[in-house]
J.: 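So that we are looking at the same thing, I have put the structure below in structure tokens.
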Amino acid sequence: MTKPTILNTRPMSLQSSTNEAFIQQGFNTINFPCIEIALVDNPHKVIKQLSAIKPDDCIIFTSQYAVRNAFKTHPGFSIPNSALVITVGSKTAYVLEQHYDGHIWTPEQQNSEGVIDLLKGFAKHQNIKLISAENGRDFIQLYALKNAVEFQQINAVSYTHLRAHETL
């Protein structure tokens, strides 16, 4: 019987660890990096936005890259302990724990819909700060709009889609 093959499209810097996990589970892997993760073009804007986070804000981190780059861009960034902090995914929560020792909520359904279900279970928050890449998470923005909640997306990550032949 032939082993199934996984096309690993993760950034080159993360491929060795993911390949190892796939191989341990009995898969063949082909490295095919399609995304490069980088800091945003205007770090001063990100620093200003992160510095403006208030203790009563709801802060949502959409990826481990958003966490890493937010703290890399603004090393003095500190999350208020009274803020509601949500991560999209357990890996994102794990990375955030390296920078924040307060409570982190991670929805069971680890996507935008799960975050919205989690938000519905809390008292209404006036401000949502979404720390993410520049695109995506439209469902969370739509939820904020429908519920008259102030919404701000802080783009801490820039994704560059690479052509595979340039990276192989």
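In what follows, every heavy atom counts, from backbone to side chain, and hydrogens, waters and symmetry copies are set aside. Quick caveat, the model's predicted, so the values are computed rather than measured.
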J.: Distance from I116 atom CD1 to N147 atom CG, nearest 0.5 Å?
T.: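 The CD1 atom of I116 sits 9.0 Å away from the CG atom of N147.
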J.: What I'd like to find out is whether the side chain of N81 reaches to under 4.5 Å of the side chain of D101, using heavy atoms alone.
T.: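 A side-chain contact exists here, since the closest heavy-atom pair is under 4.5 Å.
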J.: Mark yes when over 12 heavy atoms from residues, nucleotides or ligands other than H103 sit less than 6.0 Å from its NE2; otherwise mark no.
T.: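 Enclosed: over 12 neighbouring heavy atoms sit under 6.0 Å from NE2 of H103.
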J.: As a test of understanding, state which of L50, I60, T62 forms a side-chain contact (heavy atoms from CB on, under 4.5 Å) with I131.
T.: L50
J.: Over 60° means perpendicular and under 30° means parallel, so classify the ring planes of W105 and F122, tilted if in between.
T.: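 Ring orientation of F122 relative to W105: perpendicular.
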J.: Could you pull out the closest heavy-atom pair between T92 and Q64, with the gap in Å?
T.: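 Looking at all heavy atoms of both residues, the closest pair is OG1-N, 3.3 Å.
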J.: Between T106 (side chain) and A93 (backbone), is there a donor-acceptor pair under 3.5 Å?
T.: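 Not at all, since once roles are kept as given, no pair shorter than 3.5 Å links the two residues.
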J.: Would you kindly say whether D56 and N127 are connected by a side-chain donor-acceptor distance under 3.5 Å?
T.: no
J.: Taking all heavy atoms of Q110 and all of G89, pick out the closest pair and write down the distance.
T.: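 Looking at all heavy atoms of both residues, the closest pair is OE1-CA, 3.1 Å.
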J.: Is there a donor-acceptor pair under 3.5 Å between the side chain of N111 and the backbone N or O of E113?
T.: yes
J.: More than 12 foreign heavy atoms under 6.0 Å from CD of E108: is that the case here?
T.: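 Result for CD/E108: open.
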J.: Donor-acceptor check, side chain of D57 to backbone of K54, threshold 3.5 angstrom: yes or no?
T.: yes
J.: Does either side chain, that of K129 or that of Q152, offer a donor lying less than 3.5 Å from an acceptor on the other one?
T.: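 There is such a pair between these side chains.
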J.: Describe, in one word, how the ring planes of F71 and F77 are oriented to each other, choosing from parallel (under 30°), tilted (30 to 60°) and perpendicular (over 60°).
T.: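 Tilted, since the angle between the ring planes falls between 30° and 60°.
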